[in-house]
Amino acid sequence: MGTVHLSRNVIDTQLVDRHQQKIGRIDELLLELEEGKPPRVATIVISGAARARRVGGWMVACHRAVHALLGQRAEHESRVPFDAVRCIADTIELDVEGNTLESLRLERWLSEHVIGRIPGASGERK
Amino acid sequence: MSARTVALSDLLGRTVRDADGRKIGRIEELNAEISLEHGRSDYVVTHFSVGRFKPLDMIATGNFVQQLVRRVTRATGYRRYEIPWDWMDLGDPAHPRVRRREDELPRAG
Amino acid sequence: MKKWGEVALGVVTCIGGFLEVGSIATSAQGGAEFGYQLAWVLLLGTLSLAILMEMTGRLAAVSRRSYGDLLRERFGYRFFLLPFLAVFIVSLLVLASEIGGVAIALQLATGVAFRWWAIPTALIGWLLLWRGNFSIVEQGTALLGLVALSFGVAALVLHPAWPTLGRALLPSLPSHDHARYWYLAVSMLGASISPYLYLFYSAGAIEDEWTIEHLGVNRITASVGNVFGGGLAIASLVTAALVLAPREIRVDAYEQIALLLATPLGRPGFVFFVMTLFITCFGATIEIVLAMAYILAQGFGWRWSENLKPAQDARFSTSYTVLILLAAVPIALGMDPLSLTNISMVATAASLPVTVIPLFVLMNDGDLLNTNVNGWASNLALVVIALLSVVLLVAALPLQLLGGG
Amino acid sequence: MNRPAHTRAHARLALLALLAGGGCGSPPPLAKQLETLASWTATMQLAKERHGAGAITYTYATQLRDKADDAFQQASTTIGRAAQTRTDSAYAAAALDSLRTAIRQLEAEIGS
C-alpha cells in the first residue's frame, strides 16, 4: 500500500461501518508519539466537541452553551482505534457495528422517539 | 517511557523552525505508510510536508492550478520540504523543530 | 431510450426549476421599471448557472460524490463551515420566499389571506418528502412545471420588438435611477444563480446513481434546460416590459404581478399565472429544503437519501421536517412575501463566492475527475463567474440600502 | 421633469439617515410616493379594464383593490410630511385624488 496523506485523504473523510452504512466523518485523528519511534496513527474520533475545537475557542464555547441548553451532560463521542480501518478510498470503512456507536446516539434516539412515531416512517423502501 | 498523544489538527498549520531557529514554513501534510512490526500492522507517519504557506497549498491540488501556482510561486518564494519523521522534534507539539538546518532539507518536486 | 427519458426529464426540471418566485418577481420588477434593458442580466445569469450546473453534475457523475461531501473532505471542517453557513442562511430565506409564493398563489385563487396558507403549504410539502421518493419529487414538480410555458406564450402574443430585445442582451447603462437599476440587476442574478440549484443537482446525480456514462445527459440537461428556463425568465421580463412599463405600473406587491398574463391571454392567462406561481414555488420549496438537508447530512457524514424510509436516516428526515416548518413561520406571521423575496435574492447573490471559488479547485483535481478536469475554456468561464460573484458580494449591501424598496 | 437627480439625491439622504440610525421614522421622499400612487392608480385602471374583459376574477380584483387601499391610506398619512412647498402639496393632493377615483371606478366595475 502506498503513502496515505492524513490531511488530504483521511481527516474529514466519510466513514462507513462494516455494513457500508454511513456513520459520520473523521472529526479528529490522534497520533501517538513515542521517543525513537515514528508517530503512530492511533485513534479516529467522531465527535462534535472535537469538530468545535478545530474551529476555535468561540466555537467550543458555542458548543458547550448548546449542550448546557439541552441539558446534555455527556458528550456523545466515539473513539475507534485506527486498527479497525479496513479500507481507505473515497470512504473509509471501519470494522465496527454502526448501531453500537456512541456518536450515533442522536440518530438512534430520533429514529425511535421522534421520527419513528410518525406514521409511515419505517418499513420497506419507498 | 509512556507514549504521548497529539491531535492531527493541532499539528497541521504549525510553524516549523529549523536547528538555527529560523522559520521554514508550516506543517501542511503528514504522510503515513503501513508498517509491519511486532506482528501487527500500523499506520505510521514517515514524513512531514512543510511549506511556506497553507492557503496556496490548499488551492494547488489540480493540474491547471498547480501549473498556475508553480508559475506564481517562483515570484512568491513558495517552498515545500519533505522532512523524514526522525528529523522532526515534536517534544513540544505546539513548537515543532527540525533537527537540521534549512539548507539541508530535501525540497519537494 | 432510458437516457433520452432522463434528458427530457432534466430539461423539464430546469423549466420548472428556473422560473420560481425569485425569477418571476425580480424579472417582473425589472421589466416594469426598465423595459427590456435588463435582459442581459438574465442572459448572464442563465449562462453562469448552466456552467455551474454542468460542472457540479460532471463532478458528481465522474467522482460519484456530491459537492457537499467534497466541500467538507477536501477543504476541512473549518473551511467547510463558511459555504455551509452561507448556503444555509440564504437558502432558509429563499425557502421562506418560495412558501410565500405558494401562499400568494392560493390567496389569489381563493381570497383567503396568504399568511393562513404558510403552515398548510409546509405540511403538504413535508408530507410529499415523507412519503415520496426522489423520482416522485423530481418528476412530479418537473412535469407540472410545464405550465410555466404560459409565460413564453404571453410574451410571444404581445409581439415584442425583437431588435430592441436583441440589443438589450448586451449590457447598457440606465438613463435614470442608477442605484435601482443595479439593485435589480443584482437581485435578478441572485434569482438566476441560486446555490441550492446546483447543490440539489449535484445530490440528485448521486440519488439517480449517475456514472461517467451520464456526462452527455448532464451536458444536455445543463445547457438545453437552462436555455428554456432562462428563456422563460426573459419572457416574464418582456411581458412586464409590455404590460406594466407603458402604464408606469411598478411592482410593489405580488398581487400586481398577476396582471402580467391576464392582459395578453385573458382569463386563461390569469389561471395559468396562478398555477405557475403555485407549482413552481411548491417545486422550489421541496428542492430547497432537500438541498439544505443534503448539505447538512453530507457535511456531517450522516446517512441520507430521499429514497430511504425516514426512520432509516432519522437525522436527515428530522432536518427537512424542522426546516420546512421553520421557514413557514415568517410568512405565517404576515411578513410581506415580496420584500422577503427581494432581500433573499440579494443575499443569494452575495453568498455566491463561497460556493463558486471552491468549485474551481475541485474541477481541476485530477484525482477526482481524471481526464474530465476542466479545460482552459471552462476554467476561464469559471474564473469570470467567480469574479462576478465577488463583485456581487461587494455590491450587494450598498445596493440594498440605496436601491431596495 | 428632473426626477432622476431628485431621486438620487433623496436616496443618498435616505442612506445617510439610515446610517445615522434614524431611517425608520422618516417618510419616503415625495417623488417616490408620487410614483407609487401613480403606479397604483394605473393598476386600478388596468384591473378595471381586465375585469370588464372577463380576464380576472372578482376575488382577485378585490385583493388588488385592498392593496391599493392600503397604499392610499399609507400615503395619505405620510405624504403631507414629505410635501414641503405649496406646489408639492398640490401634486400630492392630485395624486391621492386620482387614486381614490380609480379605486372607486374599480369598485363600480366589480360591483362591491
Side-chain angles (χ1 to χ4, degrees), chain A residues 5-17 19-28 44 46-48 50-56 58-59 62 78 89-92 94 98-99 101 103-126, chain C residues 59-60 62-66 68-82 84-85 123 126-137 206-207 296-322 361 365 367-368:
Chain A
H5 307 292
L6 296 186
S7 162
R8 186 174 152 88
N9 295 334
V10 181
I11 198 166
D12 290 310
T13 301
Q14 176 76 55
L15 290 167
V16 295
D17 73 355
H19 309 295
Q20 298 296 318
Q21 298 295 341
K22 296 188 178 76
I23 53 169
R25 287 178 178 272
I26 300 186
D27 294 320
E28 185 63 277
I44 288 170
I46 314 167
S47 142
R51 272 198 302 270
R53 225 176 58 91
R54 289 172 63 188
V55 180
W58 64 274
M59 191 55 119
C62 286
S78 292
D90 284 353
T91 57
I92 292 181
L94 297 182
N99 279 330
L101 287 175
S103 53
L104 286 182
R105 234 181 136 103
L106 179 63
E107 176 98 35
R108 284 194 296 275
W109 185 82
L110 286 171
S111 178
E112 279 164 32
H113 295 93
V114 185
I115 296 298
R117 297 217 170 153
I118 307 171
S122 44
E124 297 297 300
R125 256 177 89 93
K126 287 190 194 175
Chain C
L59 185 63
V62 178
S63 73
R64 320 273 320 250
R65 304 174 66 176
S66 66
D69 174 12
L70 290 166
L71 272 176
R72 165 89 193 259
E73 198 213 280
R74 287 295 154 125
F75 302 104
Y77 182 65
R78 230 183 117 104
F79 178 84
F80 167 76
L81 282 181
L82 188 67
F84 169 72
L85 289 176
L123 287 175
W126 171 81
L127 195 65
L128 184 66
L129 290 168
W130 189 261
R131 306 291 306 200
N133 58 27
F134 188 74
S135 26
I136 292 177
V137 168
I206 305 293
E207 293 268 33
L296 197 59
Q298 289 160 0
F300 292 89
W302 307 341
R303 282 188 83 182
W304 59 272
S305 173
E306 179 49 13
N307 294 325
L308 290 172
K309 278 285 183 179
Q312 291 173 298
D313 47 7
R315 284 185 286 190
F316 177 73
S317 39
T318 306
S319 308
Y320 66 63
T321 305
V322 171
V361 176
D365 191 329
D367 290 353
L368 293 170

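Just so we're on the same page: letters track the sequence lines, and every chain starts at 1.
- Contact detail for C/Pro310 and A/Gly120: the closest heavy-atom pair is CD-O, 3.9 Å.
- Annotation: the span from C/Asp367 atom CG to A/Asp90 atom CG amounts to 10.0 Å, rounded to 0.5 Å.
- The choice from C/Gly76, C/Ala297, C/Ser63 that makes the most heavy-atom pairs within less than 4.5 Å of chain A is C/Gly76.
- Between the CG atom of A/Leu110 and the OG1 atom of C/Thr321 there is a distance of 10.0 Å, given to the nearest 0.5 Å.
- To the nearest 0.5 Å, the span separating CZ on A/Arg8 from CG on C/Asp365 amounts to 4.5 Å.
- Partners of A/Ser78 according to the side-chain contact (heavy atoms from CB on, under 4.5 Å) rule, which considers only residues two or more places apart in sequence or in another chain, are A/Ile46, A/Leu101, A/Glu102, A/Ser103.
- With C/Glu73 contributing its side chain and A/Thr13 its backbone, the two residues share no donor-acceptor pair below 3.5 Å.
- Each of A/Ile26, A/Asp12, A/Thr91 has some count of heavy-atom pairs under 4.5 Å with chain C, and the biggest count is that of A/Asp12.
- The CZ atom of C/Arg65 lies 8.5 Å from the CD atom of A/Gln14; values are rounded to the nearest 0.5 Å.
- Heavy-atom distances place no part of C/Ile136 under 4.5 Å from chain A, backbone and side chain included.
- A salt bridge does not link A/Lys22 with C/Asp69: every distance from a Lys NZ or Arg NE/NH1/NH2 to an Asp or Glu carboxylate oxygen is 4.0 Å or more.
- Pairing each heavy atom of C/Ala311 with each of A/Ser111, the nearest pair is O-OG, 3.0 Å.
- Comparing C/Arg78, C/Gln298, C/Arg315, C/Arg64 by how many heavy-atom pairs each has under 4.5 Å with chain A, the most go to C/Arg315.
- In this structure, A/Arg54 fails the cation-pi test against C/Tyr77, since its NZ or CZ atom is not both closer than 6.0 Å to the six-membered ring centre and inside 45 degrees of the ring normal.
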When you look at A/Ile115 and C/Trp130, which way does the side-chain contact (heavy atoms from CB on, under 4.5 Å) test go after all the steps?
CA-CA 10 Å; A/Ile115 296 298; C/Trp130 189 261; 3.5 Å; yes
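- Residue A/Val114: no heavy atom, backbone or side chain, is found under 4.5 Å from chain C.
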